[in-house]
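In each ligand, atom 1 is the first atom listed, and ligand 1 is the first ligand listed.
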Amino acid sequence: MAKRTDYISWDEYFMGVALLSGRRSKDPSTQVGACIVNKQNKIVGAGYNGLPIGCSDDDFPWGKQGDFLQTKYPYVCHAELNAILNNIGMDLTGCRIYTALFPCNECAKAIIQSGIKEVVFLSDKYAGNDSFVASKHMFDTAGVSYRKVNTQVKKIELSFDEGDV
Ligand SMILES: O=c1ccn([C@H]2C[C@H](O)[C@@H](COP(=O)(O)O)O2)c(=O)[nH]1
Ligand SMILES: [Zn+2]
């Protein structure tokens with residue numbers, strides 16, 4: 001019997017893990033997941049946008065508008081930062097990070113400082129915003145490359161039906 005040919009690529013696999021991580025997010029508007037991979041294609045960290053440990057998802061705001069302190073923005077820990085902080089305890093030098101959303105300037109700083117050398121993103125929906133322009137400026141200057149994920153796949157379905165294994 002010949003091997004399967006319709007298996008997913010490394011890019012699809014790691015972006016898939018990033019997207020699945022994002023499904024843990026409680027943010028009603030934008031769910032972001034991130035996955036860090038080392039040079040041997042081993043996953044060494046993952047995270048999603050969520051509140052810091054000890055800050056209840058039910059007590060903090062999730063809105064986007066109004067008084068800054070009554071919005072989610074000052075409180076949410078971004079997916080990329082969480083993935084860096086959640087790493088398995090290794091030096092991230094030379095790793096790459098898969099993220100559903102292009103990293104903001106704060107995440108870009110953390111990515112650069114951690115030694116990650118490549119960013120693979122799915123959406124760049126905030127490309128025109130200053131924060132994301134700053135990210136690209138920093139990445140270009142610091143020698144961190146970035147590219148859109150390489151895939152033709154539109155959707156991957158997961159079944160939890162044991163009969164499907
Ligand atoms: O680099 C980033 C940028 C943003 N996020 C998170 C932070 C928020 O929870 C959402 C953005 O919310 P909007 O409603 O789209 O303004 O995405 C992140 O994890 N990483
Ligand atoms: Zn960020």
Check your understanding: For ligand 1, which atoms have a heavy atom of Y73 less than 4.0 angstrom away?
Key -> 13 (P), 14 (O), 16 (O)

**Study point:** ligand 1 contact on E106 by region, counting heavy-atom pairs under 4.0 Å
**Key:** neither

Review point. Do you reckon F121 sits in the same ILVMFWY cluster as F14, going by side-chain contacts under 4.5 Å, direct or chained?
Key: no

Point to revise | No-hydrogen, no-angle side-chain donor-acceptor test under 3.5 Å, D91 and T93 | key: yes

Check your understanding: Is it true that atom NZ of K42 has more than 12 heavy atoms of other residues, nucleotides or ligands lying nearer than 6.0 Å?
Key -> no

Practice item. Just jot down the ligand 1 atoms closer than 4.0 angstrom to any heavy atom of K64, in number order. Key: 13 (P), 14 (O), 15 (O), 16 (O)

Practice item. Provide, to 0.1 Å, the distance between atom 3 (C) of ligand 1 and the closest protein heavy atom, together with that atom's residue and name. Key: H78 ND1, 3.5 Å

Study note, to complete from the structure: Residue, atom and distance of the protein heavy atom nearest atom 8 (C) of ligand 1 read D27 OD2, 3.4 Å

**Study point:** Hydrophobic cluster membership, Y126 vs L19, 4.5 Å side-chain cutoff
**Key:** no

Review point. Where is the nearest protein heavy atom to atom 6 (C) of ligand 1: which residue, which atom, and how far?
Key: N49 ND2, 3.6 Å

Review point. With atoms numbered from 1 as shown, which atoms in ligand 1 lie under 4.0 angstrom from a non-hydrogen atom of K72?
Key: 12 (O), 13 (P), 14 (O)

Revision key, fill the gap. Ranked by distance from atom 11 (C) of ligand 1, the top protein heavy atom is T30 CB, 3.8 Å

Exercise for review: For atom 19 (O) of ligand 1, find the nearest protein heavy atom and state the residue, atom name and distance (0.1 Å precision).
Suggested key: A79 N, 2.9 Å

Practice item. May I ask you to identify the nearest protein heavy atom to atom 20 (N) of ligand 1, giving residue, atom name and distance to one decimal place in Å? Key: E80 OE1, 2.8 Å

Exercise for review: Compute the angle centred on the Zn ion (ligand 2) spanning SG of C104 and ND1 of H78, and express it rounded to 10 degrees.
Suggested key: 100°

Check your understanding: Is D67 atom CG crowded by more than 12 heavy atoms from other residues, nucleotides or ligands, each under 6.0 Å away?
Key -> yes

Check your understanding: Can you tell if the side chain of V119 reaches within under 4.5 Å of the side chain of E80, non-hydrogen atoms only?
Key -> no

Review point. Taking everything shown except Y13 itself, do over 12 heavy atoms lie less than 6.0 Å from its OH?
Key: no

Practice item. Pull out every atom of ligand 1 sitting under 4.0 Å from any heavy atom of Y126, numbered as shown with elements. Key: 13 (P), 15 (O), 16 (O)

**Study point:** Contact atoms of ligand 1, heavy-atom distance to P103 under 4.0 Å
**Key:** 1 (O)

Exercise for review: Pick one of side chain, backbone, both or neither for how C104 approaches ligand 1, counting any non-hydrogen atom pair under 4.0 Å.
Suggested key: both

**Study point:** Whether over 12 other heavy atoms sit under 6.0 Å from R147 CZ
**Key:** yes

Point to revise | Path from L122 to F102 over hydrophobic side-chain contacts below 4.5 Å | key: no

Point to revise | K136: which of T141, D124, N105 passes side chain to side chain donor-acceptor pair (under 3.5 Å) | key: D124

Check your understanding: Which residue supplies the protein heavy atom nearest to atom 17 (O) of ligand 1, what is that atom called, and how far is it?
Key -> V32 CG2, 3.5 Å

**Study point:** Subset of ligand 1 atoms that lie under 4.0 Å from at least one heavy atom of V76
**Key:** 9 (O)

Check your understanding: Are F139 and L81 co-members of a hydrophobic cluster defined by side-chain heavy atoms under 4.5 Å apart?
Key -> no

Study note, to complete from the structure: Atoms of ligand 1 under 4.0 Å from any heavy atom of C107, numbered from 1 in the order shown, are 1 (O)

